[in-house]
Amino acid sequence: MPEIDWDLLTGAAREAMSRAYAPYSNFPVGAAALTEDGIIVSGCNVENASYGLTLCAECSLVSALHMGGGGRLVAFACVDGKGNVLMPCGRCRQLLYEHRAPGMVLLTVSGVRTMDEVLPDAFGPQNL
Ligand code: THU
């Protein structure tokens, strides 16, 4: 399991946030995650004139994960336009859950939490 460098991860999330396309909400978001292989993947939110079609930063991150060959996520961080830690929305917790490594941790507003803590009793592949 790779060592988690939270400064590096939040730095990657801030860098991703700078690429956000958020002309409607003016709320840019950047997300970054570390894979089991020690690779950092990142993403930014991409909005749309049809507001409901907005892609969260985590959607972009998960796409980047797969385009880069896939893998399991061991650590995740997300920031707002000021670079402050942001909680992933409920839908995105589910997205991240699908691709988690066992024991995955997230940097949250209340410190480092496990995936199971931010999405308890989750629905997932194990239910199908
Ligand atoms: N947003 C994300 O990208 N991820 C989240 O987890 C929370 C919300 C984006 C969606 C929208 O572009 C903006 O933040 C305001 O809701």
Side-chain angles (χ1 to χ4, degrees):
M1 217 37 100
E3 195 169 320
I4 301 166
D5 182 337
W6 289 110
D7 287 340
L8 195 68
L9 212 52
T10 50
R14 289 191 187 105
E15 167 69 24
M17 179 272 290
S18 73
R19 300 180 199 189
Y21 175 72
Y24 306 109
S25 71
N26 288 313
F27 193 83
V29 177
L34 178 69
T35 72
E36 274 180 329
D37 302 323
I39 293 165
I40 290 181
V41 288
S42 60
C44 62
N45 54 335
V46 179
E47 298 186 345
N48 191 280
S50 181
Y51 300 159
L53 299 184
T54 287
L55 303 175
C56 281
E58 295 85 340
C59 301
S60 164
L61 182 154
V62 167
S63 295
L65 173 71
H66 281 271
M67 286 301 292
R72 295 260 149 211
L73 306 177
V74 299
F76 170 88
C78 185
V79 299
D80 65 15
K82 291 179 179 153
N84 294 325
V85 171
L86 184 72
M87 293 304 289
C89 74
R91 174 182 181 272
C92 288
R93 293 180 203 194
Q94 183 74 41
L95 269 186
L96 295 168
Y97 181 83
E98 182 83 16
H99 303 285
R100 77 199 181 288
M104 177 186 173
V105 285
L106 301 87
L107 189 59
T108 79
V109 292
S110 50
V112 177
R113 301 267 179 239
T114 65
M115 186 76 233
D116 293 333
E117 285 174 314
V118 302
L119 194 67
D121 301 326
F123 170 83
Q126 71 278 8
N127 297 116
L128 300 176

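A quick note: this is a predicted structure, and the numbers were derived from the prediction, not measured. Atoms within each ligand, like the ligands themselves, are counted from 1 in listed order.
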Would you say Tyr21 and Val29 are hydrophobically clustered, going by side-chain heavy atoms of ILVMFWY under 4.5 Å? no
Under 3.5 Å: N or O atoms of ligand 1 paired with protein N or O:
| from | atom 1 | to | atom 2 | distance (Å) |
| --- | --- | --- | --- | --- |
| ligand 1 | 3 (O) | Ala57 | N | 2.8 |
| ligand 1 | 4 (N) | Glu58 | OE1 | 2.9 |
| ligand 1 | 6 (O) | Glu58 | OE1 | 3.4 |
| ligand 1 | 6 (O) | Glu58 | OE2 | 2.8 |
| ligand 1 | 6 (O) | Cys89 | N | 2.8 |
| ligand 1 | 12 (O) | Asn45 | ND2 | 2.8 |
| ligand 1 | 12 (O) | Glu47 | OE2 | 2.5 |

Under a single-linkage definition using a 4.5 Å side-chain heavy-atom cutoff for Ile, Leu, Val, Met, Phe, Trp and Tyr, are Leu95 and Leu73 assigned to the same hydrophobic cluster? no
Any residue meeting side chain to side chain donor-acceptor pair (under 3.5 Å) with Ser110, in chain and number order, not counting sequence neighbours: Thr108, Arg113
ring-ring contact (aromatic ring centres under 6.0 Å, His included) against Tyr24, all qualifying residues, sequence neighbours excluded: Tyr51
The criterion is salt bridge (Lys or Arg N to Asp or Glu O under 4.0 Å); which residues satisfy it with Arg19, sequence neighbours excluded? Glu15
Should Met115 and Val109 be regarded as members of a common hydrophobic cluster, given that ILVMFWY residues are connected when their side-chain heavy atoms come within less than 4.5 Å of each other, either directly or indirectly? yes
